[in-house]
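Quick notes on the structure that follows.
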Number of protein chains: 2
Amino acid sequence: MKRASKPSEIDEAQLASALRGAHLRVTLPRLAVLRELWRTAGAVSHADLTGRLSPHGIDRVTVWRNLMALSEAGLVARTDLGDHTWRFERADPNAHAADAHPHFVCVDCRKVTCLPDDAVFLSSAAARGAIVLEVQLKGRCGACLTR
Amino acid sequence: MKRASKPSEIDEAQLASALRGAHLRVTLPRLAVLRELWRTAGAVSHADLTGRLSPHGIDRVTVWRNLMALSEAGLVARTDLGDHTWRFERADPNAHAADAHPHFVCVDCRKVTCLPDDAVFLSSAAARGAIVLEVQLKGRCGACLTR
DNA sequence: ATCATGATGCAACCACGTTGCAATAGAATT
DNA sequence: AATTCTATTGCAACGTGGTTGCATCATGAT
Ligand SMILES: [Mn+2]
Ligand SMILES: [Mn+2]
Ligand SMILES: [Zn+2]
Ligand SMILES: [Zn+2]
């Protein structure tokens, strides 16, 4: 049996080819953004991502432009959870699809929580000729309630 | 029959007493903000309001602080329609409560539609120690789909 | 190896809010 | 009416999220 390369290397190769498949050059910053999104569960803000990548010499504008490029390429999902900030997460059909599950955002601490799909049921009345892309709940989270 | 004063004067008196009733001092800038909101149909942004009032020497920070004060006093309703900007409008007590029913906002045309309460069911999983104040659906409305 | 063009870093900019502070002006009290 | 207390104001400065211009660099095609 052929010895498999380390998981991280396999990841890298997959990510790189995903980029090429989208006609995007495989650059170090771009790969770093994609990798970070891939190893993160849930939606991440630009600021958050910049915090993780700028120590490695990657500029925040570059991070932003890559988030845009990746979103437009369909590799990354961009969502506005209602807290005045764009969030990004891996657009992986076989996992955690961005628009598949509802989100809860706390109006006090602004924290965003991913909810299971079965947390919200939409009756047929919700559709009415429209298509629903996203479900957001706003409220006060447990932590803020006891504070 | 006693001659009524001009509508604008009546307005002023009502507005002033509304402020006093909320334990807010009736100042020229505050009255101006309230009046502008009262004579406007629909939701207005801070920038918009500032554009109208700064020619009269009212500072944008003052406009903002008054919008906050009036919102907290319940005289004005503050909403985030998902476009990263707060909108303000007169809080009309006899109109529907903002948080009582879910809303659908079209990501294309930004139009906001009120949904019946039974359009959305929240399972117990949605709560998890939090309280839900608002349910917002985003998507593409019928009009935008056929366009 | 050459080269065209996409991608990067940096600086500057914009919109929307927010904060600090000294000066001003409501309104309650005398 | 003058005094007093303190809410409110204007101005300046700051913060965050996002955008733009441009010279330089590096990918990947030839
Ligand atoms: Mn999520
Ligand atoms: Mn409504
Ligand atoms: Zn919270
Ligand atoms: Zn629409």
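Because the structure is predicted, anything quoted here is derived from the model rather than measured.
- For B:R90, there are no salt bridge (charged side-chain N to carboxylate O under 4.0 Å, His left out) partners, not counting sequence neighbours.
- Residues meeting the side-chain contact (heavy atoms from CB on, under 4.5 Å) test with B:V61, sequence neighbours left out: B:D59, B:R65.
- One can place NE2 of B:H23 at 12 Å from P of D:dT8, the figure rounded to the nearest angstrom.
- Summarising the geometry, the separation between CG on B:N66 and P on D:dA7 is reported as 15 Å, rounded to the nearest angstrom.
- The separation between B:L67 atom CG and C:dT18 atom C1' is 14 Å, rounded to whole Å.
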Exercise. Just by protein heavy atoms under 4.0 Å, how would nucleotides 17-30 of chain D read 5' to 3' in B, S and -?
Worked result: SBBBB----BBS--
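- Taking a 4.5 Å side-chain heavy-atom cut-off between Ile, Leu, Val, Met, Phe, Trp and Tyr, the cluster of A:F121 extends to B:F121.
- If you measure from atom CD1 of B:I58 to atom P of D:dC11, you get 12 Å, rounded to the nearest angstrom.
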What donor-acceptor contacts under 3.5 angstrom involve side-chain atoms of residues 45-55 of chain B, with partners at least two apart or in another chain?
| unit_1 | atom_1 | unit_2 | atom_2 | d |
| --- | --- | --- | --- | --- |
| B:S45 | OG | B:D48 | N | 3.1 |
| B:H46 | NE2 | B:T50 | OG1 | 3.2 |
| B:H46 | NE2 | B:R60 | O | 3.0 |
| B:D48 | OD1 | B:R52 | NE | 3.2 |
| B:D48 | OD2 | B:R52 | NH2 | 3.4 |
| B:T50 | OG1 | B:H46 | O | 2.9 |
| B:R52 | NH1 | B:E36 | OE2 | 3.0 |
| B:R52 | NH1 | B:T40 | OG1 | 2.9 |
| B:S54 | OG | B:T50 | O | 3.1 |

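- Judged as a side-chain contact (heavy atoms from CB on, under 4.5 Å), and not counting sequence neighbours, A:S17 has no contacts.
- Checked against side-chain contact (heavy atoms from CB on, under 4.5 Å), A:A22 has the following partners two or more places apart in sequence or in another chain: A:L24, A:A73, A:L75.
- Contacts between residues 30-40 of chain B and DNA chain D, defined by a heavy-atom separation below 4.0 Å, involve B:R30, listed by number.
- Residues B:G74 and B:A91 share a closest heavy-atom pair of O-CB, 3.4 Å.
- Remark: A:G57 in residues 49-57 of chain A come within less than 4.0 Å of DNA chain C through at least one heavy atom.
- By the side-chain contact (heavy atoms from CB on, under 4.5 Å) test, B:R20 pairs with B:A16, B:V26, sequence neighbours left out.
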